[in-house]
Amino acid sequence: MADKRLKAALAAKQFVVAPGIHDMISARIADRMGFQALYATGYGTVASHLGVPDAGIATYSDMVSRMGRFARMSSTPVIADADTGYGGLLNVRHTVMGYEEAGITAIQLEDQEVPKKCGHTPGRRVIPAEEMALKIEVAVEARKSEDFLIIARTDARTGLGLEEAIRRGKLYRRAGADIVFIESPETEDEMKRIGQEIDAPLLANNVDGGGRTPILSAETLAAIGYDIAIYPALGFLTVAAALERSYAHLREHGVTHGLGAEVIYDFARMNELMGFPEVWEFDRRWARPETRAAE
């Protein structure tokens with residue numbers, strides 16, 4: 001079930017910083033850091049699971065199992081990308097029920113046409129705002145707990161302009177969205193306008209490595225009216241850079257010496273992260289008497 005701590009944090013006006021997770025290693029590491037939420041990125045999850053672009057190729061079945069695994073293995077509330085809800089109104093209902101049952105705390109639904117595209121790439125098209133408002137109404141009705149939060153994202157800014165994006169954000173809030181996500185504002189002034197004009201908890205998308213939106217500090221975002229900042233790409237971009245450097249080093253030198261602790265994780269530390277000490281303790285407890293004697 002949904003974790004009530006995220007809703008409580010928003011009600012208490014606590015600014016929430018949520019790092020992106022894309023696989024179980026990133027989830028385990030982020031879960032230890034003391035964040036109030038983790039953001040299960042669609043881009044990174046599709047890339048790590050299927051090795052394909054985040055372009056509407058992954059299905060509901062592909063994603064709900066992965067997202068549920070993140071939730072089950074984390075003690076931190078998980079915010080999960082669910083694209084367009086994977087279809088029409090009935091699909092949205094099914095998606096909301098499935099994600100909530102899987103243990104997700106907040107689900108992100110967007111107003112793009114199917115197949116969707118990544119939010120900071122060109123060529124995105126949106127459905128009529130009224131259709132998306134119905135999706136939000138269906139999502140609200142489908143959830144079992146009000147602790148399961150509905151995030152309404154609009155991608156209208158890039159193709160239809162800021163005015164339309166703000167109009168949609170207000171409409172989706174009236175339809176019942178708990179959090180409004182205006183994707184890809186292009187200046188800090190645009191972000192200030194969003195904060196001033198939309199009366200709802202707001203989410204800022206900080207895409208490292210060349211996104212369309214300026215990356216502002218948590219302090220600045222809170223001051224201009226935002227409540228949540230997600231960093232969806234931080235994990236997988238960091239991993240990709242480290243892997244490329246490590247593999248190149250091996251190819252050039254024929255040995256892994258010299259990479260340094262800032263690039264390569266200590267193997268003993270990795271064993272601890274993945275829970276091997278518990279496995280070893282279990283093995284010791286249940287070993288046959290002659291095995292114990294030999295240790």
Side-chain angles (χ1 to χ4, degrees), residues 1-10 16-52 54 57-86 91-109 139-140 142-151 178-179 203 228 230-236 238-239 265 269-283 285-286:
M1 298 299 290
D3 190 320
K4 63 179 64 178
R5 290 177 295 171
L6 179 57
K7 184 176 182 179
L10 294 173
V16 175
V17 173
I21 57 174
H22 63 281
D23 64 6
M24 282 311 308
I25 296 176
S26 61
R28 278 183 173 270
I29 292 173
D31 190 44
R32 295 177 162 205
M33 296 292 182
F35 291 103
Q36 290 177 295
L38 308 179
Y39 180 75
T41 159
Y43 187 121
T45 301
V46 171
S48 64
H49 179 41
L50 300 176
V52 298
D54 181 25
I57 298 170
T59 66
Y60 163 79
S61 297
D62 290 325
M63 298 302 284
V64 70
S65 60
R66 300 282 285 185
M67 297 301 181
R69 189 68 176 169
F70 293 149
R72 287 191 299 276
M73 297 295 289
S74 301
S75 61
T76 310
V78 174
I79 302 167
D81 186 354
D83 292 349
T84 63
Y86 306 102
N91 302 88
V92 168
R93 177 176 179 267
H94 185 67
T95 298
V96 167
M97 294 170 64
Y99 272 50
E100 184 174 15
E101 181 66 25
I104 295 302
T105 293
I107 188 171
Q108 174 193 307
L109 298 168
V140 171
R143 67 183 174 186
K144 293 181 179 178
S145 170
E146 292 188 357
D147 292 324
F148 182 77
L149 305 180
I150 310 298
I151 302 172
D178 300 290
I179 299 163
L203 183 150
I228 302 175
I230 61 171
Y231 297 78
L234 178 62
F236 64 79
T238 300
V239 169
Y265 223 60
R269 190 179 177 194
M270 189 71 184
N271 287 339
E272 192 276 330
L273 174 69
M274 299 311 298
F276 271 100
E278 181 181 354
V279 172
W280 296 330
E281 177 58 27
F282 178 90
D283 289 344
R285 286 180 55 229
W286 292 97

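Scope of the values below: all heavy atoms of this structure, side chains included, with no hydrogens, waters or symmetry mates. Quick caveat, the model's predicted, so the values are computed rather than measured.
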Determine all donor-acceptor pairs shorter than 3.5 Å in which one atom belongs to a side chain in residues 2-10; sequence neighbours excluded.
residue	atom	partner	partner atom	Å
Asp3	OD1	Arg5	N	2.9
Asp3	OD1	Arg5	NE	3.0
Asp3	OD2	Arg5	NE	3.1
Asp3	OD2	Arg5	NH2	2.6
Arg5	NH2	Ser75	O	2.4
Lys7	NZ	Glu146	O	3.4

Problem - Exceeds 12 heavy-atom contacts within 6.0 angstrom, atom CZ of Phe276 - result: no
Handout entry: Asp283 (side chain) donor-acceptor with Trp280 (main chain) under 3.5 angstrom
Key = no
Fill in the blank from the handout: Residue pairs meeting salt bridge (Lys or Arg N to Asp or Glu O under 4.0 Å), one or both in residues 29-40, sequence neighbours left out, come to Arg32-Glu272
Fill in the blank from the handout: Closest heavy-atom pair, Ala80 versus Tyr99, reported as atoms and distance to 0.1 Å, is CB-CE2, 3.7 Å
Problem - CZ (Arg269) with more than 12 external heavy atoms under 6.0 Å - result: no
Exercise for the section: Could you tell me whether the side chain of Glu100 and the main chain of Phe148 form a donor-acceptor pair under 3.5 Å? Expected result: no
Problem - Minimum heavy-atom distance between Val78 and Ala71, given as atom pair plus value - result: CG2-CA, 4.0 Å
Handout entry: Nearest heavy-atom neighbours spanning Met63 and Ala58
Key = SD-CB, 3.9 Å
Exercise for the section: Count the heavy atoms of every other residue, nucleotide or ligand shown that sit under 6.0 Å from CD of Glu281, and state whether that count exceeds 12. Expected result: yes
Practice task
Under the side-chain contact (heavy atoms from CB on, under 4.5 Å) rule, what do Thr41 and Phe236 come out as? Steps first, then yes or no, please.
Solution key: CA-CA 10 Å; Thr41 159; Phe236 64 79; 4.1 Å; yes
Problem - Main-chain N/O of Thr76 paired with Ser74 side-chain donor or acceptor, under 3.5 Å - result: no
Exercise for the section: Mark yes when over 12 heavy atoms from residues, nucleotides or ligands other than Arg69 sit less than 6.0 Å from its CZ; otherwise mark no. Expected result: no
Exercise for the section: Search all heavy atoms of Tyr60 against all heavy atoms of Gly98 and return the closest pair with its distance. Expected result: OH-CA, 3.3 Å
Problem - Heavy-atom closest contact (His22 atom, Arg66 atom, distance) - result: O-NH2, 4.0 Å
Practice task
Starting at CE of Met33, measure out to CG of Leu38 and round the result to the nearest 0.5 Å.
Solution key: 11.0 Å
Problem - Straight-line distance of Leu109 CG to Tyr86 OH, nearest 0.5 Å - result: 9.0 Å
Practice task
Could you check if a side-chain atom of Met270 sits within less than 4.5 angstrom of a side-chain atom of Ile25, using non-hydrogen atoms only?
Solution key: yes
Practice task
For the residue pair Val46 and Ile57, establish whether any side-chain heavy-atom pair is separated by less than 4.5 Å.
Solution key: no
Problem - Heavy-atom donor-acceptor pair, Thr45 side chain to Gly42 backbone, under 3.5 Å - result: no
Completion exercise
To the nearest 0.5 Å, atom CE of Met1 lies from atom CD of Glu101 at 7.5 Å
Exercise for the section: First locate atom CD of Gln36, then atom CD1 of Ile228, and finally report the distance between them rounded to the nearest 0.5 Å. Expected result: 9.5 Å
Exercise for the section: Over all heavy atoms of both residues, which pair between Ile79 and Ala37 is shortest? Give the atoms and the distance, please. Expected result: CD1-CB, 4.0 Å
Practice task
Dump the intermediate steps for side-chain contact (heavy atoms from CB on, under 4.5 Å) on Asp83 and Asp54, then the final yes or no.
Solution key: CA-CA 10 Å; Asp83 292 349; Asp54 181 25; 4.3 Å; yes
Practice task
For Arg93 and Ala142, indicate whether the former's side chain and the latter's backbone hold a donor-acceptor pair under 3.5 Å.
Solution key: no
Completion exercise
Rounded to the nearest 0.5 Å, the OH atom of Tyr43 sits from the OG atom of Ser48 at a distance of 11.5 Å
Practice task
Please answer whether the main-chain N or O of Ile150 pairs with a side-chain N or O of Asp178 as donor and acceptor at a distance below 3.5 Å.
Solution key: yes
Practice task
Check the surroundings of atom NE2 in His49: do more than 12 heavy atoms from other residues, nucleotides or ligands lie under 6.0 Å from it?
Solution key: yes
Completion exercise
Between the CZ atom in Phe35 and the CD1 atom in Ile21, the distance rounded to the nearest 0.5 Å is 11.5 Å
